[in-house]
A.B. asks: 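Got a structure for you, written out below as structure tokens; questions coming shortly.
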Amino acid sequence: MPPVPPESSAPRPSTVSRRTVLGAVAATAASAPLLTGLAAPASAAPSTVRPRALPGGGDLGPNVLVFDPGTSGIQAKLDQIFHQQESAQFGTGRYALLFKPGTYSGLNAQIGFYTSIAGLGLSPDDTTINGDVTVDAGWANGNATQNFWRSAENLALVPVNGTDRWAVAQAAPFRRMHVRGGLNLAPSGYGWASGGYIADSRIDGQVGPYSQQQWYTRDSVIGGWVNAVWNMVFSGVQGAPAQSFPNPPYTTLDTTPVSREKPFLYLNGSEYRVFLPEKRTNARGVTWGNGTPRGTSLSLSQFYVAKPGVSAATLNQALAQGLRLLLTPGIYHVDQPIQVNRANTVVLGLGYATIVPDNGVTALRVADVDGVRLAGFLIDAGPVNSATLLEVGPSGASRDHSANPTTVQDVFVRIGGAGAGKATTSMVINNRNTIVDHTWVWRADHGTGVGWDTNRADYGVVVNGDDVLCTGLFVEHFNKYDVQWLGQRGRTIFFQNEKAYDAPNQAAVQDGNVKGYAAYKVGDNVTTHEAWGLGSYCNYTADTGIVQHHGFAAPNTSGVKFHGVLVVSLGGNGQYEHVINEAGAPTSGTSTTPSTVVSYP
């Protein structure tokens with residue numbers, strides 16, 4: 001999350017060094033029926049002894065706060081949670097703030113770390129707050145580049161002064177929101193900001209990114225957009241600015257090729273249910289604007305409602321029974337992979353539920369099956385190296401899932417920061433037709449347990465499957481390739497990257513005869529690939545003389561196409577010789593000016 005002062009017409013601080021501040025501051029019908037038990041493990045003697053069937057449903061635990069319009073003391077409770085979470089960047093608190101349908105007045109919900117706020121209606125307009133849902137950066141002296149891990153979803157807002165403020169960085173989605181006014185994405189004082197993601201939302205007024213260095217907006221409706229710094233990307237957005245990269249740097253697609261919105265919890269009367277939006281092709285605008293959204297609905301009784309402290313074995317037993325998983329807020333330590341083997345399984349986290357593999361295992365694996373939905377949780381690498389943290393499909397997966405793909409949405413990965421963690425590869429996508437819709441895969445550059453070998457993580461995202469689509473891909477600071485794409489017919493809409501700050505010298509990042517590992521590497525055998533709106537930044541603080549030959553590497557063939565690509569040297573801490581392959585001018589000096597390529601080849 002680059003905290004350098006971008007080029008912007010807005011005022012901004014002028015005396016703060018970059019790292020000083022950063023360091024200091026279909027589904028229901030297709031699902032299998034529930035089973036009554038599990039077969040005994042192979043090692044057990046044949047008998048009738050089986051684990052007792054796990055129940056579905058249940059309460060949401062102490063860290064899910066549910067309000068209705070008659071609840072007293074709502075503002076005081078919101079303030080209490082915010083005071084605890086405002087600067088708890090690597091803390092253990094996790095919270096979901098849920099509002100039943102109705103109208104709420106006079107609220108200002110300030111949202112801190114690991115806090116999600118959401119409405120419980122079927123439509124955002126079912127739950128209206130006459131007030132604000134606010135993210136600012138007072139805790140970091142006006143620098144919003146570390147406002148990670150928080151979210152807003154499924155609410156209508158009527159901002160007090162006409163404009164809501166959502167000054168966030170990575171891993172902070174704004175989904176399924178209706179702002180009856182404007183939206184300001186910059187902190188008070190227009191300090192540095194590095195975000196961000198909006199989807200399935202309607203902003204009646206103008207969106208002002210101001211100092212935001214990059215942003216991706218998908219399948220939404222906006223009343224206007226005021227400016228751009230480095231990389232603003234839109235797909236399927238009514239009211240988006242016209243294509244104009246690099247001046248201003250707008251990359252605009254009329255539609256999103258394939259999308260399927262994130263599952264969400266809602267109330268049907270007094271019953272909790274989970275809504276599963278249907279897949280759209282060539283999508284444009286919101287899913288909820290004209291009556292009931294299209295999709296299917298599951299009762300909470302079809303979910304195992306997990307609480308922190310539950311074992312991986314119990315989670316896997318629930319999945320084997322045919323239950324889905326709802327992970328309530330908290331931290332889940334696993335000593336074996338969570339194994340998703342059934343089609344149409346949902347694993348939905350609330351309040352940034354966090355999975356930590358304790359002994360070098362993979363945190364979660366998905367089989368080569370249709371329609372799995374992973375959403376709303378964080379995977380935090382453990383101190384023992386994991387070969388992988390998330391595997392979507394086994395090696396060699398080959399089934400066609402185009403009719404009912406797996407979606408990975410608001411699933412975030414972190415290596416280090418909260419403590420020493422290691423993983424050779426963070427996220428591996430083997431299943432065909434997978435949609436990765438908003439992820440931040442981050443090898444930590446600050447916090448505890450941070451160092452070139454302390455939180456070693458060679459690869460961020462590796463895509464082996466064919467026909468994979470990524471919409472909103474944020475991957476940063478890996479020791480080798482941040483993204484390595486080996487599958488055919490892959491597509492990416494929006495990519496944000498920083499190379500690892502802490503590379504000790506040129507030799508440490510040498511990729512054979514190439515200076516530096518590319519941020520986004522398309523394999524030499526790939527014949528068809530397309531990507532829009534990509535940026536890579538270098539900030540080699542340990543050795544400012546390191547040179548990247550290019551930010552992006554791909555076969556030079558007509559079927560591999562890039563649109564709207566840029567590289568930036570942050571303050572001259574390292575330089576790029578080219579943008580993609582041998583194309584694009586070198587960066588130079590300390591001016592933090594992007595070098596751009598409009599299209600390649």
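As the structure is a prediction and not an experimental result, all values here were calculated from the model.
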A.B. asks: Ignoring hydrogens and geometry, is there a side-chain-to-backbone donor-acceptor pair from Q321 to L54 under 3.5 Å?
C.D. replies: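 The answer is yes, because a donor-acceptor pair under 3.5 Å joins these two groups.
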A.B. asks: Mind checking whether Y197 and H438 have parallel, tilted or perpendicular rings, split at 30° and 60°?
C.D. replies: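 Geometry flag for H438 against Y197: parallel rings.
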A.B. asks: Are the side chains of R324 and Y304 in contact, using a 4.5 Å heavy-atom criterion?
C.D. replies: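 No. Closest side-chain heavy atoms not under 4.5 Å.
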A.B. asks: Which heavy atom of A96 sits nearest to which heavy atom of L350, and what is that distance?
C.D. replies: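 What the structure gives for the nearest pair is CB-CB, 4.3 Å.
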A.B. asks: For the residue pair R218 and F234, would you count it as a cation-pi contact if the rule is NZ or CZ under 6.0 angstrom from the ring centre and within 45 degrees of the ring axis?
C.D. replies: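 Negative - R218 is either too far from the ring of F234 or too far off its axis.
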A.B. asks: Go through the structure and list residues passing side-chain contact (heavy atoms from CB on, under 4.5 Å) with A118, not counting sequence neighbours.
C.D. replies: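 Expected list: L98, E153.
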A.B. asks: Does K307, at its NZ atom, have more than 12 non-hydrogen atoms belonging to other residues, nucleotides or ligands within less than 6.0 Å?
C.D. replies: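 It does: K307 NZ has more than 12 such atoms within range.
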A.B. asks: With respect to R175, which candidate in N154, D437, D200 satisfies the side chain to side chain donor-acceptor pair (under 3.5 Å) definition?
C.D. replies: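 Among the candidates, only D437 passes.
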A.B. asks: Is a side-chain donor-acceptor pair under 3.5 Å present for Q488 with D466?
C.D. replies: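 Checked: D466/Q488 side chains show no N/O donor-acceptor pair below 3.5 Å.
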A.B. asks: For residues 419-429, dump all side-chain donor-acceptor pairs below 3.5 Å to protein atoms at least two apart in sequence or in another chain.
C.D. replies:
unit_1 : atom_1 : unit_2 : atom_2 : d
K422   : NZ     : D453   : O      : 3.4
T424   : OG1    : N385   : ND2    : 3.1

A.B. asks: Considering only heavy atoms from C-beta outward, does the side chain of T434 approach that of V463 to under 4.5 Å?
C.D. replies: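 Not in contact.
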A.B. asks: Do any N or O atoms from the side chain of N359 and from the backbone of D335 form a donor-acceptor pair under 3.5 angstrom?
C.D. replies: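 Looks like yes, one N/O pair under 3.5 Å.
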A.B. asks: Between Q84 and Y95, does any side-chain donor sit less than 3.5 Å from a side-chain acceptor?
C.D. replies: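 Yes, Y95 and Q84 have a side-chain donor paired with an acceptor closer than 3.5 Å.
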A.B. asks: Could you give the distance from SG (C470) to CD1 (I493), rounded to the nearest 0.5 Å?
C.D. replies: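 Atom-to-atom, C470:SG and I493:CD1 are 10.0 Å apart.
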A.B. asks: Quick one: does E476's side chain get under 4.5 Å of W440's, heavy atoms only?
C.D. replies: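 E476 reaches W440 side chain to side chain.
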A.B. asks: Rounded at 0.5 Å granularity, tell me how far NZ in K521 sits from CG in D511.
C.D. replies: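 With rounding to 0.5 Å, NZ (K521) is 7.0 Å from CG (D511).
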A.B. asks: Would you call the rings of Y481 and Y517 parallel, tilted or perpendicular, where under 30° means parallel and over 60° means perpendicular?
C.D. replies: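 It falls in the perpendicular class, over 60°.
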A.B. asks: Have a look at Y114 and tell me which of F377, W149, F412 forms a ring pair (Phe, Tyr, Trp, His ring centres under 6.0 Å) with it.
C.D. replies: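 Answer to the ring pair (Phe, Tyr, Trp, His ring centres under 6.0 Å) test with Y114 among F377, W149, F412: W149.
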A.B. asks: Is any side-chain heavy atom of V305 closer than 4.5 Å to a side-chain heavy atom of L327?
C.D. replies: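 Not in contact.
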A.B. asks: Does the side chain of L389 reach to within under 4.5 Å of the side chain of I355, using non-hydrogen atoms?
C.D. replies: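 With C-beta onward as the side chain, the pair stays apart.
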A.B. asks: Step by step, would you call I331 with T92 a side-chain contact (heavy atoms from CB on, under 4.5 Å)?
C.D. replies: CA-CA 7 Å; I331 298 175; T92 58; 3.9 Å; yes
A.B. asks: With a 4.5 Å limit on heavy-atom distance, are the side chains of L374 and T407 in contact?
C.D. replies: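 Contact flag for L374/T407 side chains = no.
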A.B. asks: Is it the case that the side chain of Q317 and the backbone of R52 share a donor-acceptor pair, with hydrogens and angles ignored and the cut-off at 3.5 Å?
C.D. replies: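 Checked: pair present.
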A.B. asks: With distance as the sole criterion, is a donor-acceptor pair present between the side chains of Q409 and E261 under 3.5 Å?
C.D. replies: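 Their side chains do not contain a donor-acceptor pair, so the 3.5 Å distance test is not met.
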A.B. asks: How many angstroms lie between atom CZ of F495 and atom CG of L534, to the nearest 0.5 angstrom?
C.D. replies: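 Result: 7.0 Å between the selected atoms.
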A.B. asks: With distance as the sole criterion, is a donor-acceptor pair present between the side chains of S201 and S220 under 3.5 Å?
C.D. replies: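 Absent: no donor and acceptor within the cut-off.
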A.B. asks: Going by side-chain hydrogen bond (donor to acceptor under 3.5 Å, both in side chains), name the residues that satisfy it together with T345, two or more places apart in sequence or in a different chain.
C.D. replies: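 Expected list: none.
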A.B. asks: Under 3.5 Å, is there a donor-acceptor pair between the side chain of Q85 and the main chain of F113?
C.D. replies: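 Between the backbone of F113 and the side chain of Q85 there is a qualifying donor-acceptor contact (under 3.5 Å).
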A.B. asks: Between R273 and E271, does any side-chain N to carboxylate O distance fall below 4.0 Å?
C.D. replies: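 Yes.
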A.B. asks: So does T328 get a backbone contact from the side chain of Y332, meaning a donor-acceptor N/O pair under 3.5 Å?
C.D. replies: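 Here the side-chain-to-backbone pair exists.
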A.B. asks: Looking only at atom types and distance, does a side-chain atom of N147 sit under 3.5 Å from a main-chain N or O of V168, one as donor and one as acceptor?
C.D. replies: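 No, the answer is negative, given that no donor and acceptor are paired below the 3.5 Å cut-off.
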A.B. asks: Give, for atom CD of E498 and atom OG of S194, the distance between the pair rounded to the nearest 0.5 Å.
C.D. replies: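 These two atoms lie 6.5 Å from each other.
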A.B. asks: Start with the C-alpha distance between V366 and N431, add both sets of side-chain angles, then the distance that settles side-chain contact (heavy atoms from CB on, under 4.5 Å), and finish with yes or no.
C.D. replies: CA-CA 9 Å; V366 177; N431 277 355; 4.2 Å; yes
A.B. asks: Which of these, T251, L253, T217, sits in a side-chain contact (heavy atoms from CB on, under 4.5 Å) with S235?
C.D. replies: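 That would be L253; it is the only one of T251, L253, T217 passing the side-chain contact (heavy atoms from CB on, under 4.5 Å) with S235.
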A.B. asks: Is it the case that N464 and N430 place a side-chain donor and acceptor less than 3.5 Å from each other?
C.D. replies: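 Short answer, yes.
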A.B. asks: For the CG atom of D445 and the CG atom of D502, what is their distance to the nearest 0.5 Å?
C.D. replies: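 Going from the CG atom of D445 to the CG atom of D502 covers 8.0 Å.
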A.B. asks: Would you say Q336 and N316 are linked by a side-chain donor-acceptor pair, where the criterion is simply a distance under 3.5 Å?
C.D. replies: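 Distance-only check passes for N316 and Q336.
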A.B. asks: Report yes or no: does T439 contribute a side-chain atom to a donor-acceptor pair with the main-chain N or O of V411 at less than 3.5 Å?
C.D. replies: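 Answer holds: yes.
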A.B. asks: Holding to ring pair (Phe, Tyr, Trp, His ring centres under 6.0 Å), I want the full list of residues that pass it with F478, two or more places apart in sequence or in another chain.
C.D. replies: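 Applying ring pair (Phe, Tyr, Trp, His ring centres under 6.0 Å) to F478 gives none.
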A.B. asks: Taking NZ, NE, NH1 and NH2 as the nitrogens, is one of them in D219 or R280 under 4.0 Å from a carboxylate oxygen of the other?
C.D. replies: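 Answer for the salt bridge query: yes.
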A.B. asks: Given side chains that start at C-beta, do those of L390 and T362 come closer than 4.5 Å, heavy atoms only?
C.D. replies: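 No; the side chains remain at least 4.5 Å from each other.
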A.B. asks: Taking C-beta and beyond as the side chain, do Y216 and T471 meet within less than 4.5 Å on heavy atoms?
C.D. replies: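 Result yes, sub-4.5 Å side-chain heavy-atom pair found.
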A.B. asks: With V450, which residues qualify under side-chain contact (heavy atoms from CB on, under 4.5 Å), at least two apart?
C.D. replies: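 side-chain contact (heavy atoms from CB on, under 4.5 Å) check on V450 returns A444, N455.
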A.B. asks: H550: which residues meet the side-chain hydrogen bond (donor to acceptor under 3.5 Å, both in side chains) condition with it, sequence neighbours left out?
C.D. replies: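 Not a single residue meets the side-chain hydrogen bond (donor to acceptor under 3.5 Å, both in side chains) criterion with H550.
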A.B. asks: Checking Y266 against S297: is there a side-chain donor and acceptor pair closer than 3.5 Å?
C.D. replies: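 Result is yes, a qualifying pair exists.
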A.B. asks: Donor-acceptor pair, N497 side chain versus G535 backbone, under 3.5 Å?
C.D. replies: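 Absent.
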A.B. asks: For H401 and D368, test the side chains for any donor-to-acceptor distance below 3.5 angstrom and give the result as yes or no.
C.D. replies: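 On atom types as modelled, these side chains qualify, holding a pair under 3.5 Å.
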A.B. asks: Under 3.5 Å, is there a donor-acceptor pair between the side chain of D482 and the main chain of H477?
C.D. replies: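 Present.
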A.B. asks: Given side-chain hydrogen bond (donor to acceptor under 3.5 Å, both in side chains), test S299 with Q302 step by step and report yes or no.
C.D. replies: CA-CA 6 Å; S299 169; Q302 294 178 267; 5.4 Å; no
A.B. asks: Quick one: do L300 and L265 satisfy side-chain contact (heavy atoms from CB on, under 4.5 Å)? Show the steps, please.
C.D. replies: CA-CA 9 Å; L300 195 63; L265 189 69; 4.3 Å; yes
A.B. asks: One thing to verify: whether E530 and R491 come together as a salt bridge, which I'm taking to mean a side-chain N less than 4.0 angstrom from a carboxylate O.
C.D. replies: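 Answer for the salt bridge query: no.
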A.B. asks: Please verify the inter-ring angle class for F90 with W442; under 30° counts as parallel, over 60° as perpendicular, anything in between as tilted.
C.D. replies: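 Correct class here is parallel.
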A.B. asks: Could you tell me the separation between the CG atom of L276 and the OG1 atom of T296, rounded to the nearest 0.5 Å?
C.D. replies: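 Reported to 0.5 Å precision, the distance equals 4.0 Å.
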A.B. asks: Short question: side chain of N63, backbone of R94 - any donor-acceptor pair under 3.5 Å?
C.D. replies: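 Looks like yes, one N/O pair under 3.5 Å.
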A.B. asks: Any side-chain donor-acceptor pair under 3.5 Å between T115 and Y352?
C.D. replies: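 Side-chain D/A pair, T115 to Y352: absent.
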A.B. asks: Begin from the C-alpha positions of V340 and L319 and carry the test side-chain contact (heavy atoms from CB on, under 4.5 Å) through to its verdict.
C.D. replies: CA-CA 7 Å; V340 178; L319 291 168; 4.2 Å; yes
